[in-house]
K.L.:
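Sharing a structure, written as structure tokens. Questions coming.
Along the sequence shown, the residues carry numbers beginning at 1.
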Amino acid sequence: MNLADLSVDRPVTITMIAMIVVVLGLAALSRLGLDLMPDVDFPTISVITRYEGAASEDIEKQVTRPLEGAVASVNGVVGVTSVSREDMSFVMVEFDYGTDLDGAAQDLREALGLIGGMLPEDADDPMVVKFSLGALPILSYTVTGMGDDVNALGRFLDDTMTQRLERIDGVAQVVLMGGPTQEVHVEVDRASLEASGLAIEQVIQAIGTQNVDMPGGRVVEQRSEYIVRTLGAFRSLDDIAETVVGVGRTGAGIRIKDVARVTRSTADIRNVFRANGHESLYLMINKQSGANPLQVARRVKKELAKIQKELPGDMAFSLVMDTGSQIEQMSDNVTSSGLLGAGLAILFMFAFLRSMRPTFAVAVAIPLSLLATFIPIYFVGETLNLMTMGGLMLGVGMLVDNAVVVIENIFRHLEQGMDRKTAARVGAKEVGMAITASTLTTVAVFLPLFFGGGLAGELVRGLAMVVAFALAASLGVALTIVPMLASVLFDEKDAQRNIASERSFDRFAQKYLRVLRWALEHRKTTLGLAVVALIASIGLAATAGTTFMPGTDQPLVMGKASFAVGTPLEDVQRALERVEQFTMSLPEVETSGIGIGAN
């Protein structure tokens with residue numbers, strides 16, 4: 001017994017299987033992640049090293065070159081590029097696609113550990129950072145208020161907002177950028193230092209060695225064990241001032257307050273953010289790995305709406321980037337396009353068959369095939385993104401083909417006088433092998449995309465996988481559900497009415513036969529026209545532009561301005577404020593912001 005016989009003879013069994021597919025498909029759909037793009041891990045690892053106060057030339061000689069030599073020896077490295085700038089060294093290490101980046105990152109850390117003594121003492125330890133699309137912020141805001149006192153604004157937001165946002169399910173990190181950084185200045189008096197007989201190195205060493213909490217072992221008391229810690233880290237300015245630096249000639253201890261003045265101040269401003277003509281802070285929210293960005297963005301917006309009601313009246317949040325809204329817009333557009341395509345397929349089916357019963361079979365086949373497709377998508381760990389949803393929409397047109405071929409052949413046997421069960425059985429058997437071969441050849445077209453390498457292969461692999469799943473699901477539906485529905489719903493009277501309605505197409509068929517007869521009688525001319533059309537299409541394809549990703553219409557315009565080396569930050573700020581004023585004067589602009597800084 002083949003599938004056609006089983007479907008016709010066991011309609012209840014096939015119906016129960018279809019219901020199971022519906023339930024599993026809906027469950028898989030509800031659990032599928034939703035993202036803008038596939039989570040692609042670029043085969044690049046960055047090594048970032050901060051060396052405060054160093055010029056770019058010193059950074060290159062003392063930091064970047066030793067790092068380049070260390071990372072170049074790691075297995076699998078295909079290229080190393082670097083950027084040395086004030087206070088910072090960036091070394092980008094490129095690997096082959098398919099490299100285990102976790103293992104590569106560990107190898108890099110081991111290689112960097114071997115040259116730790118070659119770097120300047122004041123330089124920070126190198127940070128090894130991997131980049132992926134999933135690590136980008138899902139929401140970005142500019143925050144203004146507090147009378148443009150960004151220092152007070154930053155402290156206020158840290159106290160009232162940051163922790164509340166980080167407690168939201170799916171939020172990994174909340175980053176607040178901009179504003180001056182708090183520092184403690186120890187201003188040593190040279191005369192006092194010389195009079196005490198101390199050196200500046202002793203002051204530096206005392207601060208470094210005493211500003212630390214250390215373990216003090218364990219204490220057992222009354223059958224309980226306690227962990228002991230010695231608290232030495234500075235908690236206040238007085239702790240720093242009372243730190244003993246050395247011993248004077250009289251034997252008395254010399255404290256930092258005896259040779260220096262300890263004050264709280266702010267670091268030199270190297271980065272400035274402005275929004276809508278005011279000093280601002282820049283707020284970024286990152287999601288946890290695997291979290292649904294659309295749901296996380298909705299939760300953050302809901303919590304921000306509550307927080308804003310508790311903030312002072314002059315404080316304002318201006319949305320800069322919202323990945324969640326982009327994903328929602330993409331999902332709505334693709335869903336509406338898919339529904340429109342499915343509706344048109346059903347409409348054309350009704351126009352040709354002139355019967356609601358076979359049209360209903362197509363209307364059942366499309367959503368059932370889609371729901372069946374969601375099941376393997378869930379189990380292979382894919383998400384619904386621009387590529388996989390594009391594959392679904394591509395599959396909508398293809399998955400109708402198998403059902404239409406089976407329905408048309410069953411209808412043909414109904415027109416010849418067979419009863420509906422026999423027509424369903426014979427019609428499905430006759431075209432079963434043909435549509436199976438057709439489906440497999442179409443899947444074979446997409447197989448090279450699945451095994452493609454490089455970034456393009458990473459991006460389109462999900463599309464090829466989804467198309468293959470959709471075609472396999474449509475084949476299963478066409479060979480099981482459609483014959484079962486035909487054996488139950490189709491009517492011989494509909495087939496007879498369809499014969500009468502086909503007479504309206506006779507005139508079109510006669511015109512087609514005349515064109516076909518002319519083409520067969522003038523073979524050389526027909527082949528010549530085909531060759532001309534082929535050459536013309538190749539020429540048109542050559543003139544078409546090529547791009548990695550198509551351009552998208554985003555409500556955001558970004559620009560970059562570079563100034564001469566050595567230009568003071570104040571001059572840069574004054575110049576860009578004029579640009580800001582111009583953009584704010586445009587009636588179409590809702591929010592205008594600038595970010596200034598060497599880093």
K.L.:
State, to 0.1 Å, how close P126 and L112 come at their nearest heavy-atom pair, and which atoms those are.
P.N.:
CB-CD1, 4.0 Å

K.L.:
Just verifying a value: how many Å separate L386 CG and L463 CG, rounded to the nearest 0.5 Å?
P.N.:
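Nearest 0.5 Å value for the CG-CG distance: 9.5 Å.
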
K.L.:
For the atom pair CG (L319) and CD (E590), what is the distance rounded to the nearest 0.5 Å?
P.N.:
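That separation rounds to 9.5 Å.
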
K.L.:
More than 12 foreign heavy atoms under 6.0 Å from OH of Y378: is that the case here?
P.N.:
no

K.L.:
Quiz question: by atom type and distance under 3.5 Å, do the side chains of D419 and T422 form a donor-acceptor pair?
P.N.:
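Yes.
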
K.L.:
Please check this pair: side chain of R461 against backbone of L449, looking for a donor-acceptor N/O pair closer than 3.5 Å.
P.N.:
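Absent.
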
K.L.:
Can you establish whether the number of heavy atoms outside N75 located under 6.0 Å from its atom CG is more than 12?
P.N.:
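It does not: N75 CG has 12 such atoms or fewer within range.
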
K.L.:
Rounded to the nearest 0.5 Å, what's the gap from CD on Q288 to CD1 on I138? Could you check?
P.N.:
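That separation rounds to 10.0 Å.
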
K.L.:
Does A437 offer a backbone N or O that forms a donor-acceptor pair with the side chain of T441 under 3.5 Å?
P.N.:
yes

K.L.:
With the threshold set at 4.0 Å, does a side-chain nitrogen-carboxylate oxygen contact exist between R167 and E303?
P.N.:
no

K.L.:
With no hydrogens and no angle check, do the side chains of N402 and S474 hold a donor and an acceptor under 3.5 Å apart?
P.N.:
yes

K.L.:
How long is the gap from CG on L304 to CE on M161, to the nearest 0.5 Å?
P.N.:
7.0 Å

K.L.:
Keeping the roles fixed (side chain from N409, backbone from G427), state whether a donor-acceptor pair exists under 3.5 Å.
P.N.:
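Such a contact is found between N409 side chain and G427 backbone.
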
K.L.:
Under 3.5 Å, is there a donor-acceptor pair linking the side chains of T388 and E382?
P.N.:
no

K.L.:
Can a donor-acceptor pair be found, under 3.5 Å and without considering hydrogens, that links the side chain of T526 to the backbone of A519?
P.N.:
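Here the side-chain-to-backbone pair exists.
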
K.L.:
Please check this pair: side chain of S438 against backbone of A434, looking for a donor-acceptor N/O pair closer than 3.5 Å.
P.N.:
no

K.L.:
Regarding D9 and K421, does a basic nitrogen lie under 4.0 Å from an acidic carboxylate oxygen?
P.N.:
no

